[in-house]
Amino acid sequence: TTAECREAYKALLEAMEAYRRDNASAEHPYDVTESIANAGFDGNTADGWTCSVQPGSIRQGVAEFWHTPFDICQTLTGLPAGYYRVGLQARYNVDANAMPFNLYAETADGGRTEAAVDFAAPVEGDPANGAGLAQQANAFEEEPDGSFTFVGPIVVEDGQLTLGAATAGNGLWCLLGGFTLEYLGAATLDLDENATEYTVAEDTEVQQVTVARKLKADGRWNTFCVP
């Protein structure tokens, strides 16, 4: 019946999503951006975000901070334990003596990772009159995968992760086009003596190793060596 077909299709989609999640890695990340409330400043608001100062303006899903120190962040809870990567589509237009504009992620135990946004935003005319913001918003739309800064892999153990962007400087025009969040896999490694090869993402710090091995009963030494 039609209802049965729909249920079968739904089950297939869920199985595909579960497979992608269970096999996520740095090379094949699983997108969990939906865990972020208002990740792309939908409706041209900062709803869902904690802001030290409100954005000067938000247009076409792009928020700007104009010559002011700021910190905009959001704390996520209930995330599955594992590795994550945070992304931000962003640009800046810097004046002399300005402080860096950074993307950051922080775990519940205070571990913090950050990276400087390194994409310039040349504009025509005076950015303060709104024309510059519209120009940059159009540029983001034309190149949806461009101008991204990333931090990670970040280990989340208790389900909590704070992500955001900040600067302590005054002489900076900052444009935020939206955040992303990717799951890179569990912070565990399961080893089986019958497997011939294991691949671990570069710079991955495995938190737990489980070894499946049969101990021999013939009186010989049984060894397991690690670096």
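Closest of all the heavy-atom pairs between Pro153 and Leu184 is CB-CD1, 3.8 Å. The two atoms that bring Val151 and Ala105 nearest to each other are CG2-CB, 4.0 Å, heavy atoms only. The minimum heavy-atom distance between Cys73 and Asp71, with the atom names listed, is CB-OD1, 4.0 Å. When every heavy atom of Leu163 is checked against every heavy atom of Val86, the shortest pair comes out as CB-CG1, 4.1 Å. Nearest heavy atom pair, residue Pro69 against residue Val53, reads O-CG2, 3.7 Å. In this structure, Gly82 and Tyr183 approach most closely via the heavy-atom pair CA-CE1, 4.0 Å.
Taking the six-membered ring wherever Trp is involved, the centroid distance between the rings of Tyr92 and Phe65 does not fall below 6.0 Å.
Side chains of Phe101 and Trp173 form no contact here, defined as non-hydrogen atoms less than 4.5 Å apart. In this structure the side chain of Phe70 reaches within 4.5 angstrom of the side chain of Thr167, judged on heavy atoms.
A donor-acceptor contact shorter than 3.5 Å links the side chain of Asn138 to the backbone of Ala134. The closest donor-acceptor contact from the side chain of Asn44 to the backbone of Gln60 lies under 3.5 Å. The backbone N or O of Gly146 sits less than 3.5 Å from a side-chain atom of Gln89, completing a donor-acceptor pair. Between the Thr33 side chain and the Leu181 main chain, a donor and an acceptor come within less than 3.5 Å of each other.
Between the CG atom of Leu176 and the CH2 atom of Trp49 there is a distance of 8.5 Å, given to the nearest 0.5 Å. Interatomic distance, Ser35 OG to Glu182 CD, rounded to the nearest 0.5 Å: 12.0 Å. Interatomic distance, OG1 of Thr77 versus CG of Asp158, reported as 10.0 Å (0.5 Å rounding). To the nearest 0.5 Å, atom CD of residue Gln136 and atom CZ of residue Arg59 are 12.0 Å apart. Rounding to the nearest 0.5 Å gives a distance of 7.5 Å between CG of Asn38 and CD1 of Ile58. Taking OG1 of Thr113 as the reference point, atom CG of Leu103 lies at 10.0 Å (rounded to 0.5 Å).
One hydrophobic cluster, built from ILVMFWY side chains closer than 4.5 Å, cannot hold both Ile154 and Tyr104; they sit in different ones.
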Would Gln74 and Ile36 satisfy side chain to side chain contact (heavy atoms under 4.5 Å, CB included), going step by step from the backbone distance to the final call?
CA-CA 8 Å; Gln74 184 175 147; Ile36 307 173; 3.7 Å; yes
Applying side chain to side chain contact (heavy atoms under 4.5 Å, CB included) to Phe41 and Val62, what does each step give before you reach the verdict?
CA-CA 7 Å; Phe41 305 107; Val62 178; over 6 Å; no
Show, in sequence, the C-alpha distance, side-chain angles and deciding distance for Leu161 and Thr107, and conclude whether the side chain to side chain contact (heavy atoms under 4.5 Å, CB included) test is met.
CA-CA 5 Å; Leu161 180 67; Thr107 54; 4.2 Å; yes
Would you check, one step at a time, whether the test side chain to side chain contact (heavy atoms under 4.5 Å, CB included) holds for Val156 with Leu76?
CA-CA 11 Å; Val156 174; Leu76 311 179; over 6 Å; no
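In this view, Phe150 and Phe148 satisfy the ring pair (Phe, Tyr, Trp, His ring centres under 6.0 Å) rule, not counting sequence neighbours. Taking the ring pair (Phe, Tyr, Trp, His ring centres under 6.0 Å) definition, one finds that Tyr30 meets it with nothing, sequence neighbours left out. Residues that satisfy the salt bridge (charged side-chain N to carboxylate O under 4.0 Å, His left out) test with Glu114, not counting sequence neighbours, are Arg112.
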